[in-house]
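What follows is one structure encoded as structure tokens, with my remarks underneath.
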Amino acid sequence: MKLLRDTALIFQRQALLLLRNPVWIFVGVFQPVMYLLLFAPLLKPALQVQTDAQAYEIFVPGLLVLLAIFGGLFQGFGLIAELRAGIIERSRVTPVSRLALLLGRSLRDVVSIIAQAVIITLLALVFDLRVFIGNLLLAYLMLGLISLMTSAVSYGVALKVRSEDALAPLMNTVAQPVLLLSGILLPLTFAPGWLQGVADWNPFSWAVDGTRALFRGDLAADAVWQGLVIMAVLAAAAVAWAARMFARSVR
């Protein structure tokens, strides 16, 4: 019960900080919207599909996973600013749970990313994208698990390196192969066999496949539950590791 109360307090504070400057929600959604408007129209001939709706059915799920990955991986910069301002240091004198210090922040990030995903989904409906509401909610659950995992990793790494100069290249180095080996922009069915084999070791490729299955209405696809299970396990592991980093930094 104390953990829930502490998490709610941290989440409330972090959410208020976000609401005071909501422009960051729209800054975060700007690049995916540009992909949606300027890149997606080129996919119909590239994917050899019959309609624009089919092209968006493939592209939009990948775009949402892209948002969840990058939206979470770069949250650590804000934590470094709090470290420099002494906010984390002052947390040492409070009885708040160290796990709650992480969960409150990460849940704020999850809510922010889901809000951005809703905006992108609504824009995609203008382009004739259609998806069942139940499948869409499961897809948002997948996105929530991804953003929880990536934000927890980002916070843990930020507590380790304590420098934007070190965090930025590190996160970019991780994000680049994740993007290329997950089939986010184009399905990996078009890739050579060796590349598909390498991508099978990328957990985000399972998340992308599962999200695409949900958007095309294939709820019974193995990729759906496989993606959800993999993301849930990785999210739990990331939260456990990052919570230990908070416990070491805030004593």
Side-chain angles (χ1 to χ4, degrees), residues 7 11 28-29 32 57-76 99 102-118 120-121 131-158 171 174-189 196-245:
T7 301
F11 172 80
V29 84
E57 193 176 85
I58 295 172
F59 182 67
V60 171
L63 192 62
L64 295 179
V65 174
L66 174 69
L67 174 69
I69 293 173
F70 280 78
L73 280 179
F74 292 93
Q75 294 296 332
L99 178 57
L102 168 67
L103 285 178
R105 288 173 168 83
S106 290
L107 291 178
R108 183 276 313 268
D109 301 333
V110 170
V111 171
S112 174
I113 288 170
I114 295 300
Q116 296 172 47
V118 170
I120 293 173
T121 305
V131 57
F132 292 112
I133 185 65
N135 292 2
L136 184 61
L137 293 177
L138 276 178
Y140 286 163
L141 174 60
M142 185 89 75
L143 299 179
L145 291 172
I146 294 171
S147 57
L148 177 62
M149 176 187 64
T150 53
S151 67
V153 168
S154 183
Y155 287 134
V157 173
M171 290 295 101
V174 171
Q176 186 91 19
V178 163
L179 171 63
L180 296 176
L181 293 174
S182 58
I184 284 177
L185 298 180
L186 291 173
L188 290 173
T189 52
Q196 295 182 32
V198 174
D200 286 341
W201 293 93
N202 180 3
F204 294 106
S205 68
W206 297 86
V208 172
D209 291 342
T211 307
R212 284 196 173 117
L214 288 169
F215 268 71
R216 67 173 179 264
D218 190 3
L219 183 60
D222 290 341
V224 174
W225 67 264
Q226 288 170 345
L228 286 170
V229 169
I230 290 172
M231 290 301 106
V233 171
L234 291 178
V239 167
W241 173 74
R244 286 198 297 270
M245 295 300 299

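Please read these numbers as outputs of a predicted model, since none were measured by experiment. Values below: every heavy atom of this structure, side chains too, minus hydrogens, waters and symmetry copies. Here, residue 1 is the first one in the sequence, and each next residue gets the next number.
- In plain terms, the two heavy atoms of V110 and S147 that are nearest each other are CG2-OG, 3.4 Å.
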So W241 and V157, side chain to side chain contact (heavy atoms under 4.5 Å, CB included) or not? Walk me through it.
CA-CA 10 Å; W241 173 74; V157 173; 4.0 Å; yes
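- Residues V239 and L99 are in side-chain contact: their nearest non-hydrogen atoms beyond the backbone lie under 4.5 Å apart.
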I would like to know whether I69 and I184 meet side chain to side chain contact (heavy atoms under 4.5 Å, CB included); could you show each step before the answer?
CA-CA 11 Å; I69 293 173; I184 284 177; 4.0 Å; yes
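- The structure places CG of L214 at 7.0 Å from CG of L228, a figure rounded to the nearest 0.5 Å.
- Atom CG of L73 sits about 8.0 Å away from atom CE of M149, to the nearest 0.5 Å.
- The shortest non-hydrogen separation linking A207 to T211 is O-OG1, 2.8 Å.
- Of all the heavy atoms in P203 and W201, the pair that sits closest is CD-O, 3.3 Å.
- When each of I114, I113, I120 is tested with L64 by the rule side-chain contact (heavy atoms from CB on, under 4.5 Å), just one qualifies, namely I120.
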Y155 vs M245, test: side chain to side chain contact (heavy atoms under 4.5 Å, CB included). Steps then yes/no.
CA-CA 9 Å; Y155 287 134; M245 295 300 299; over 6 Å; no
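- Across V174 and V178, no two heavy atoms sit closer than the pair O-CG2, 3.2 Å.
- Residue L138 comes nearest to L219 through the heavy atom pair CD1-CD1, 3.4 Å, listed as atom of the first residue, atom of the second, then distance.
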Do I146 and L234 pass the side chain to side chain contact (heavy atoms under 4.5 Å, CB included) test, and can you show the C-alpha distance, the side-chain angles, and the key distance before you say yes or no?
CA-CA 9 Å; I146 294 171; L234 291 178; over 6 Å; no
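- For the atom pair Y140 OH and L136 CG, the distance stands at 4.0 Å (nearest 0.5 Å).
- Here T7 contributes atom OG1 and R108 contributes atom CZ; the two are 14.0 Å apart, rounded to the nearest 0.5 Å.
- Between the side chain of S154 and the backbone N or O of T150 there is no donor-acceptor pair closer than 3.5 Å.
- How far CH2 of W206 is from CH2 of W225: 8.5 Å, rounded to the nearest 0.5 Å.
- The two residues A235 and L148 come nearest to each other via the heavy atoms CB-CD2, 4.2 Å.
- Partner of V65 under the side-chain contact (heavy atoms from CB on, under 4.5 Å) criterion, chosen from D209, L179, L143: L143.
- The structure places CD1 of I58 at 13.5 Å from CG of L63, a figure rounded to the nearest 0.5 Å.
- Judged by distance alone, the side chain of D109 and the main-chain N or O of S151 form no donor-acceptor pair under 3.5 Å.
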